[in-house]
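Order of the sequence lines sets the chain letters (A, B, ...), proteins ahead of strands, with each chain counted from 1.
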Amino acid sequence: MTALPARELATKLGLVIDLDICVGCHACAVNCKEWNAGGHSAPLTDSDPYGADPSGVWFNRIHTFEVETEAGDSRTVHFPKSCLHCDDAPCVTVCPTGASYKRVEDGIVLVNADTCIGCKLCSWACPYGAREYDEDAGVMKKCTLCIDKIYNETLPVESRVPACVSTCPAGARSFGDLGDPNSDVSKIVAARGGYDLMPEQGCKPVNKYLPPRPRKHDPDGEGLSPVEADQAGLLARWVDRLFTR
Amino acid sequence: MHPAKSVIFFTTASGAGYGLGFWLILLSLTGLAPQTPLLGWAGFSLAFVLVTAGLLASTFHLGHPERAWRALSQWRTSWLSREGVAAVATYIPVGLYGAGWVFGADLSQPFWQTVGGLGAALCVITVFCTAMIYASLKPVHAWRSAVTPAAYLALAWATGAVVLTVLVRLDAGLADMRAAVDTIALFGIALSTVIKRVHWFRVTKTHGTGSAESATGLGDLGKVTLLEAPHTEANYLLKEMGFSIARQHAAALWRAAFIAGVILPFALIAVAGAMPSSLGLVLTALAALSAAIGVVVERWLFFAQAKHSVTLYYGADRA
Ligand code: SF4
Ligand code: SF4
């Protein structure tokens, strides 16, 4: 069980996260917690939730980075991070019990809570910090890609996407089969130059990130455009005169 | 990485136990250790206690100790599983050889030589597997090198041999083997020191290829710094993988480990060699105590100084 699937998987379900769109509202993390607190890996235990030192299990965390060019121009990039359902998932092969596994049918990486001994080694092996230990349950927890939602036939078809995807108010998250080059998600990855996080770790993550688009305007070069006196209307000319005095 | 007490105790105690078992068997196979019941009883039961206490401690930090047996199943891919299998397997030949020793079997027979050889080899293999659990983790640059198994093996050699320097002073009949055991211990301490020096260099002067830029993929746009963390309080990731220790504290502990683990045991054992056995016994016992403190500090640093790549998402520059 702990060995990775021997062959290249046909179906690789995963997420595509558009860093150009994400506004850093944390709604995906909150809805993830809400859904999964009652889902496949429930509960997502919190300790001291209303006290001075709250902590708890979350599958999705939203970091915010600042990126500064050499010229000193900086921009803010909101950066959601959850399990990337890696093709070469080291968290699976290090597991001594076989509790951590990658599904052949869709590539989703899961933990079997009935056989996990809570040794935490998989969380050390994941370079991304995508696994969080549940002190209460004594087992490892992680993103399930909402397997209990995406295959749930009692839900309307449009709701059969991970909770983070259905809730994102900005539409920064897409879900689909990244193993199929003709899927919508694969096409957008190809078109926008979607990339892997930490390629040097060689985990071959399935989830992809789309880079922020280049700025349309040079931030320093252009202010408000001046009113061109001869072409502007009467009111504009009057205002212009008023302020250029 | 968070230095968990149970894991520190496990790796140091079991390392010394396997080292002790290895040297007892090897010295017996080569004819250097006389087959006295006292040495057999004291040596093999101490090795048994050290290893077993260590293994038990390692299960205490599990979320589900009652499921620990499951860890023996995935030896094809997991070093932790391999370690479990090797640890269990080692009990059989080493226990058998110890029994043969104390109950007066003719250990020069090919059967016993085979059992002994197997036991000694398994002691080495188990320590190697323990080290590979750490050395195989790509996200932790400090550990991911051949230096890690080399250090674990050398320290098991040294600590096991230091314990043996005490045992060979329990009985006048063992006087002839003292010089050999002392030499093995001194050599093991020297070797560990050299290897740990290389490790220190790796930890303090080099870093992994990961950066905040590669972690976010935003390097093309410019220099990446953390503006806001995802949460206000520490979470599991930060407590477990984000543990860090100030440089000057690490340096102070490194010096403490060097004094307690190297200088004192080396000097005490060297002096004990020239002393009558009762004084020698006291000196070597002090050496063993000091070495134990030294190796625990060393192991604490092994974890505390190791940086995990997840810290790149929490403000670290390189990892
Ligand atoms: S992101 Fe981490 S937990 Fe998820 S599959 Fe990759 S290595 Fe495993
Ligand atoms: S914590 Fe559980 S899933 Fe993770 S490696 Fe240990 S046994 Fe496997």
Side-chain angles (χ1 to χ4, degrees), chain A residues 1-3 19 24 26 29 53-58 61-70 73-77 79 81 90 93-99 115-121 123-129 132-135 137-139 195-202 209 211-212, chain B residues 1 59 61-68 70-84 133-134 136-140 208-210 212 214-237 239-241 308-314:
Chain A
M1 200 64 136
T2 196
L19 299 180
H26 292 236
D53 185 22
S55 69
V57 180
W58 293 68
R61 304 256 188 195
I62 323 304
H63 302 241
T64 299
F65 293 97
E66 181 166 41
V67 191
E68 191 171 354
T69 65
E70 276 183 23
D73 172 24
S74 78
R75 62 195 289 170
T76 301
V77 180
F79 188 94
K81 180 172 64 64
T93 50
V94 298
C95 175
T97 64
T115 53
C116 173
I117 56 174
C119 69
K120 305 179 183 168
L121 188 58
S123 67
W124 295 12
C126 169
Y128 307 101
E132 301 198 9
Y133 181 69
D134 188 328
E135 290 286 348
V139 295
Y195 60 84
D196 291 351
L197 304 184
M198 288 191 194
E200 72 277 4
Q201 289 281 340
Y209 283 73
Chain B
M1 303 292 293
T59 63
H61 89 287
L62 297 178
H64 282 278
E66 80 286 2
R67 298 178 185 167
R70 290 186 184 275
L72 302 178
S73 65
Q74 305 300 316
W75 48 269
R76 281 186 208 81
T77 63
S78 163
W79 281 105
L80 177 51
S81 188
R82 285 173 196 156
E83 185 216 34
I133 297 172
Y134 307 107
S136 67
L137 294 175
K138 221 171 172 183
V140 187
T209 49
S214 75
T216 57
L218 298 170
D220 288 349
L221 298 175
K223 176 91 200 91
V224 177
T225 47
L226 183 70
L227 185 63
E228 243 185 316
H231 36 90
T232 52
E233 311 305 313
N235 66 347
Y236 166 73
L237 300 173
K239 287 177 199 153
E240 185 77 6
M241 263 92 58
H308 193 281
S309 58
V310 70
T311 55
L312 295 172
Y313 293 109
Y314 286 94

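For V77(A), the part sitting under 4.5 Å from any heavy atom of chain B is the side chain, from C-beta outward, and nothing else. Only the side chain of Y195(A) comes within contact range of chain B, with heavy atoms under 4.5 Å apart. Contacts between Y133(A) and chain B at a heavy-atom distance below 4.5 Å involve backbone atoms as well as side-chain atoms. For K120(A), the parts sitting under 4.5 Å from any heavy atom of chain B are the backbone and the side chain alike. With a 4.5 Å cut-off on non-hydrogen atoms, P211(A) does not touch chain B at all. Interface residue T76(A): only side-chain heavy atoms are found under 4.5 Å from chain B. In this structure, chain B has no heavy atom under 4.5 Å from any part of E70(A). Heavy-atom distances place both the backbone and the side chain of L197(A) under 4.5 Å from chain B. Proximity to chain B (any heavy atom under 4.5 Å) is restricted, for C95(A), to the backbone atoms N, CA, C and O.
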Verdict with supporting geometry, L237(B) and E132(A), side-chain contact (heavy atoms from CB on, under 4.5 Å): CA-CA 7 Å; L237(B) 300 173; E132(A) 301 198 9; 3.8 Å; yes

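For the residue pair Y236(B)/S123(A), the side-chain donor-acceptor check at 3.5 Å is satisfied. In this model, a donor atom of one side chain and an acceptor atom of the other lie less than 3.5 Å apart for S214(B) and E200(A).
Listed for the H64(B) side chain is a donor-acceptor partner under 3.5 Å among the backbone atoms of A137(A).
Atom CD of E233(B) sits in a crowded spot, with more than 12 heavy atoms from other residues, nucleotides or ligands closer than 6.0 Å.
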